[in-house]
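In this text, all values refer to a predicted model and were calculated from it rather than measured experimentally. Any value given below was found using the heavy atoms of this structure, including those in side chains, with hydrogens, waters and symmetry copies removed. Order of the sequence lines sets the chain letters (A, B, ...), proteins ahead of strands, with each chain counted from 1.
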Amino acid sequence: AQKVTQAQTEISVVEKEDVTLDCVYETRDTTYYLFWYKQPPSGELVFLIRRNSFDEQNEISGRYSWNFQKSTSSFNFTITASQVVDSAVYFCALSSTSGTYKYIFGTGTRLKVLA
Amino acid sequence: KAGVTQTPRYLIKTRGQQVTLSCSPISGHRSVSWYQQTPGQGLQFLFEYFSETQRNKGNFPGRFSGRQFSNSRSEMNVSTLELGDSALYLCASSLQGSGREQFFGPGTRLTVL
């Protein structure tokens, strides 16, 4: 069975602090994809990043970085020098191309960045 | 390029009624997925359509159904509404579906009284 766990329900940080959002996944598939989405207060989910199971390179995009480790089945997301605009719910998701085509989302982590 | 649009944005219905929600995907996207989002259950996958065929279905009762038209627009229907169906229903479009990033619409907020 596929599963995504985001153990952190809510995190509060002060602006300019770094923060890491954890994501642990379970799958028996060898080919799969991992994603992060952001849901700001306005409600619309926004795609942030996609990673396939064969690419363990870490990625950095501005203040955002992602650490994918197959050995620990984790795909963590770090925001450096957080800003108030980063306040949102962040979802980690898993998708597989074998058999069914489900997208499995984690329960989300609510990030509050305080000024 | 226009994003994913969903109509209506808000709906209020009473128990026992039925409702139809509409989703227009991004031009060129052939995959449309539907999700139910509630505070207690999070984001739950309802079903995915690709080229007018339902490719996968989540664990929801048969009261929840959908379809996709030749222009990739999709509708979702919920019959015999229950109080527990109150939720934000999100539509997402993708070029191919699984393995590709999804682009979400703003959602339809359904309230069942």
Side-chain angles (χ1 to χ4, degrees), chain A residues 1-10 21 23 25 27 29-55 59 61 64 66 75 77 88-110, chain B residues 1-10 23 25-26 29-51 53-60 66 68 87-110:
Chain A
Q2 298 184 115
K3 187 179 177 182
V4 175
T5 301
Q6 293 181 256
Q8 303 152 310
T9 307
E10 186 168 313
L21 310 182
C23 173
Y25 63 93
T27 181
D29 297 324
T30 55
T31 302
Y32 53 89
Y33 298 85
L34 296 163
F35 305 81
W36 276 96
Y37 289 85
K38 172 183 179 181
Q39 188 175 36
S42 59
E44 200 159 324
L45 273 93
V46 176
F47 164 75
L48 294 178
I49 189 171
R50 167 182 177 260
R51 255 296 175 259
N52 75 53
S53 52
F54 298 107
D55 183 2
E59 177 141 345
S61 175
Y64 295 171
W66 291 269
F75 186 41
F77 173 30
V89 180
Y90 291 86
F91 292 93
C92 180
L94 166 70
S95 179
S96 168
T97 54
S98 67
T100 59
Y101 293 84
K102 286 182 183 178
Y103 245 79
I104 306 295
F105 279 82
T107 50
T109 297
R110 181 178 298 279
Chain B
K1 210 174 196 182
V4 178
T5 57
Q6 291 186 246
T7 56
R9 292 294 311 279
Y10 302 91
C23 171
I26 291 172
H29 285 192
R30 297 163 65 189
S31 167
V32 173
S33 295
W34 289 89
Y35 296 86
Q36 181 194 66
Q37 186 175 25
T38 59
Q41 299 295 319
L43 265 165
Q44 293 198 291
F45 172 78
L46 279 155
F47 27 66
E48 183 209 3
Y49 285 87
F50 184 85
S51 294
T53 300
Q54 187 181 86
R55 193 152 69 170
N56 200 10
K57 192 176 191 304
N59 298 322
F60 278 81
Q68 187 179 33
L88 180 66
Y89 289 88
L90 295 166
C91 166
S93 82
S94 170
L95 271 172
Q96 295 168 344
S98 180
R100 304 297 303 183
E101 57 270 30
Q102 295 187 319
F103 297 87
F104 284 79
T108 294
R109 172 76 61 186
L110 172 65

*Considering only heavy atoms, which portion of Q37(B) lies under 4.5 Å from any heavy atom of chain A: side chain, backbone, both, or neither?*
side chain
*Could you tell me which residues satisfy side-chain contact (heavy atoms from CB on, under 4.5 Å) with Y10(B), sequence neighbours excluded, listed by chain and number?*
R109(B)
_Holding to ring pair (Phe, Tyr, Trp, His ring centres under 6.0 Å), I want the full list of residues that pass it with Y35(B), two or more places apart in sequence or in another chain._
F105(A), F45(B), F104(B)
*Residue-level contacts of residues 37-46 of chain A with chain B, using a heavy-atom cutoff under 4.5 Å*: Y37(A), Q39(A), E44(A), L45(A)
*asked:* Restricting to ring pair (Phe, Tyr, Trp, His ring centres under 6.0 Å), what partner residues turn up for F77(A), sequence neighbours left out?
replied: W36(A), Y64(A), W66(A), Y90(A)
*Got a second to check how far E101(B)'s CD is from Y103(A)'s OH, nearest 0.5 Å?*
7.0 Å
*A92(B), G105(B), G107(B): which one forms the most heavy-atom pairs within less than 4.5 Å of chain A?*
G105(B)
